[in-house]
Amino acid sequence: MQHRSLTVTSLGIAQTLAWASSYYLPAMLATSMARDLGIRTPTVFLGFSLALVVSALLGPLAGKLIDRHGGRPVLAANSFVFAAGLAGLAVAQGPVGMMLAWAVLGVAMAAGLYEAAFAALVHLYGKDARGAITGITLLAGFASTVGWPLTAWLELEWGWRTACWVWAGLHLGVALPLNLLLPASPAAGAAPLEEAQAAQASSEPVSAQNASRTAVLLAFVFAVTWFISTAMAAHLPRLLQIQGVPLATALIFAGLVGPAQVAGRLLEYGLLRNIHPLVSARVAGAMHSVGALVFLAVGVPAGAVFTVLHGAGNGVLTIAKGTLPLVLFGVKEYGARQGLLMVPARFAQALSPWLFGLALDRFGGAALWFSAALGALAFAALMALRDKAAVSP
């Protein structure tokens, strides 16, 4: 079988391009795009929300395709879909064309972001995919670090349409070859191992009621954590300023989130790799709420504490979205299940910037109590989860 480090590196770089050219694109281009198309900036973000809704609806189908055919053909074909959506944005002449292009990007996001990559790795490595999942999130954790400056530079030098064309070209010239480097499927000699893993997962029967309860709790946790993560990504500098942090300091504090995410993932890869994923997820699930309460109680001096705890927790929880379904349900039909579990999260993600923005407008810095309470509910749901392997003899 192909060396795992090459697989992780290839998929991690491809994921960096995928996130940078979709999730992190509107933050840099929305204003110029709206001005050129004669629409309001929120309308551009409405197109992005449409993409998230489309990705939510198609996520389970993408997972099923990866379960059946492996990650290589699905991710490689999806490079063309990413390119088509970005090209559609580049040639859009009005709101209708822009919305259609975002819808195509939504299809690409359904089969091209973390959930699809996690499913591809589980298809290849089964229960041993945890380290590989952590590896690609470490690399793709720099998507905003790479994507935002590159997109801003392209827009400044040649305009937003050229920026979209460049990203489309990168999908065809870089991401496509990288995705084609993935093993097509487990080698013939590895098939019995995969079947044995699936048999082991099913040898400890779980009642339908318990499985449904676990799925509901996981879906709730994922929805809440994606809501908080997206809300902070959209409003963190503004939130910090409302709480009295000066603009320059707020930007410095907000800039700590990215390094804290990577640090959290490095911690997961090193110290926490021998700890059950449910334990590390519980610790990470409490971090946003703890940081928010400290910030609300202490004020400006604790702003950095809040952003670091939020970032580190979010970094580990991103990995948990891949590892928890694996350890709780096993290998069988992982991709399809992952897609279903993430449907509420994608809808929450689509609504998050708008809803949290309304909360900030209405309640100011007190809106942080809302996200802290949501984080506490997610932590409670994680505490209610039980791993069958942990209680089996």
Discussion item. Do M232 and L239 have side chains that approach each other closer than 4.5 Å (heavy atoms only, starting at C-beta)?
Written reply: yes

Worksheet item: Who pairs with R161 by salt bridge (Lys or Arg N to Asp or Glu O under 4.0 Å), at least two apart in sequence or on another chain?
Response: D36

Discussion item. How long is the straight-line distance from CD1 of I136 back to CD1 of I13, given to the nearest 0.5 Å?
Written reply: 12.0 Å

Worksheet item: For residues R346 and Q349, is any side-chain donor paired with an opposing acceptor at under 3.5 Å?
Response: yes

Item to complete: Measure the shortest side-chain to side-chain distance between L181 and T7 over non-hydrogen atoms and say whether it is less than 4.5 angstrom.
Response: no

Worksheet item: Do side-chain atoms of Y334 reach the backbone of G322 as a donor and acceptor pair under 3.5 angstrom?
Response: yes

Item to complete: Mind checking the CD1-CG spacing from I228 to L317? Nearest 0.5 Å is all I need.
Response: 9.0 Å

Practice prompt. Before giving the answer on side-chain contact (heavy atoms from CB on, under 4.5 Å), spell out for L296 and Q243 the whole-Å C-alpha distance, their side-chain angles and the decisive distance to 0.1 Å.
Written response: CA-CA 8 Å; L296 287 165; Q243 284 293 95; 3.7 Å; yes

Worksheet entry | Shortest non-hydrogen contact from N179 toward A14 | OD1-CB, 3.6 Å

Worksheet item: How far does CG of L278 sit from CE of M383, to the nearest 0.5 angstrom?
Response: 8.5 Å

Discussion item. So, taking the atom named CG in L218 and the one named CG in L341, what distance separates them when rounded to the nearest 0.5 Å?
Written reply: 5.5 Å

Item to complete: Taking all non-hydrogen atoms of both residues into account, name the closest pair between A120 and I66 and its distance.
Response: N-CG2, 3.7 Å

Practice prompt. Indicate if V294 and L368 have the same hydrophobic cluster label, given that clusters are the connected sets of ILVMFWY residues with side-chain heavy-atom separations under 4.5 angstrom.
Written response: no

Worksheet item: Is it true that a side-chain atom of T249 and a backbone atom of V245 form a donor plus acceptor pair closer than 3.5 Å?
Response: no

Worksheet entry | Minimum heavy-atom distance between L309 and M287, given as atom pair plus value | O-CB, 3.3 Å

Exercise answer: donor-acceptor pairs, residues 88-111 side-chain atoms, under 3.5 Å, sequence neighbours excluded:
residue: Q93; atom: NE2; partner: V91; partner atom: O; Å: 3.1

Worksheet entry | Student check: side-chain heavy atoms of F329 and T214 closer than 4.5 Å | yes

Fill in: Main-chain N/O of T225 paired to S229 side chain as donor or acceptor, under 3.5 Å
no

Worksheet entry | Heavy-atom check, side chain of L178 versus side chain of L11, under 4.5 Å | no

Worksheet entry | Heavy-atom side-chain contact between V122 and P325 under 4.5 Å | no

Discussion item. If we ignore hydrogens and angles and just use 3.5 Å, is the side chain of T162 paired with the main-chain N or O of W158 as donor and acceptor?
Written reply: yes

Practice prompt. Evaluate the criterion side-chain contact (heavy atoms from CB on, under 4.5 Å) for residue pair L154 and W160; output intermediate values, then yes/no.
Written response: CA-CA 7 Å; L154 290 169; W160 68 270; over 6 Å; no

Worksheet item: Does the side-chain contact (heavy atoms from CB on, under 4.5 Å) test come out yes or no for L86 and S21, once each step is laid out?
Response: CA-CA 8 Å; L86 289 160; S21 61; 4.0 Å; yes

Worksheet entry | Hydrophobic cluster membership, L374 vs W369, 4.5 Å side-chain cutoff | yes

Fill in: Centroid separation F82 to W167 less than 6.0 Å
no

Fill in: Same cluster (ILVMFWY, side-chain, under 4.5 Å), L139 and I319
no

Discussion item. For a quick test of reading the model, state the closest non-hydrogen atom pair linking L326 to G126 and the distance between them.
Written reply: CD2-O, 3.7 Å

Worksheet item: Are side-chain heavy atoms of Y114 and K321 found at a separation under 4.5 Å?
Response: no

Discussion item. Test your reading of the model: is there a side-chain donor-acceptor pair from T230 to the backbone of F227, 3.5 Å cut-off?
Written reply: no

Worksheet item: Would F356 and L377 show up in the same hydrophobic cluster when neighbours are defined by side-chain heavy atoms closer than 4.5 Å?
Response: yes

Practice prompt. Search all heavy atoms of P277 against all heavy atoms of V327 and return the closest pair with its distance.
Written response: CG-CG1, 3.9 Å

Item to complete: Measure the spacing between CD1 of I242 and CZ of F363 and express it to the nearest 0.5 Å.
Response: 12.5 Å

Worksheet item: Quick one: does R337's side chain have a donor or acceptor within less than 3.5 Å of a partner on K332's backbone?
Response: yes

Fill in: A143 to W19 - nearest heavy-atom pair and separation
CB-CB, 3.7 Å

Fill in: F306 and F295 aromatic ring geometry - parallel, tilted or perpendicular at 30°/60° bounds
parallel

Discussion item. Is there a side-chain contact between L113 and S22 in this structure, where contact means two heavy atoms from C-beta onward sitting under 4.5 Å apart?
Written reply: yes

Item to complete: Check whether any side-chain N or O of T307 sits under 3.5 Å from a backbone N or O of A304 as a donor-acceptor pair, and report yes or no.
Response: yes

Fill in: Co-membership, hydrophobic cluster, residues V44 and F48, 4.5 Å side-chain
yes

Practice prompt. Please step through side-chain contact (heavy atoms from CB on, under 4.5 Å) for the pair T134 and T323, ending with a clear verdict.
Written response: CA-CA 9 Å; T134 303; T323 56; 5.5 Å; no

Worksheet item: Between L75 and L182, is any pair of side-chain heavy atoms under 4.5 Å apart?
Response: yes

Worksheet item: Picking from L57, L52, L50, what satisfies side-chain contact (heavy atoms from CB on, under 4.5 Å) with V54?
Response: L50

Worksheet entry | Pairs touching residues 286-301 that satisfy side chain to side chain donor-acceptor pair (under 3.5 Å), sequence neighbours left out | H288-H310, H288-S371

Discussion item. Given 3.5 Å as the limit, does a donor-acceptor pair link the side chain of Q261 with the main chain of L256, or not?
Written reply: no

Discussion item. Distance check, rounded to the nearest 0.5 Å: L25 atom CG versus C164 atom SG?
Written reply: 5.5 Å

Fill in: Donor-acceptor contact present, side-chain R265 to main-chain T137, <3.5 Å
yes

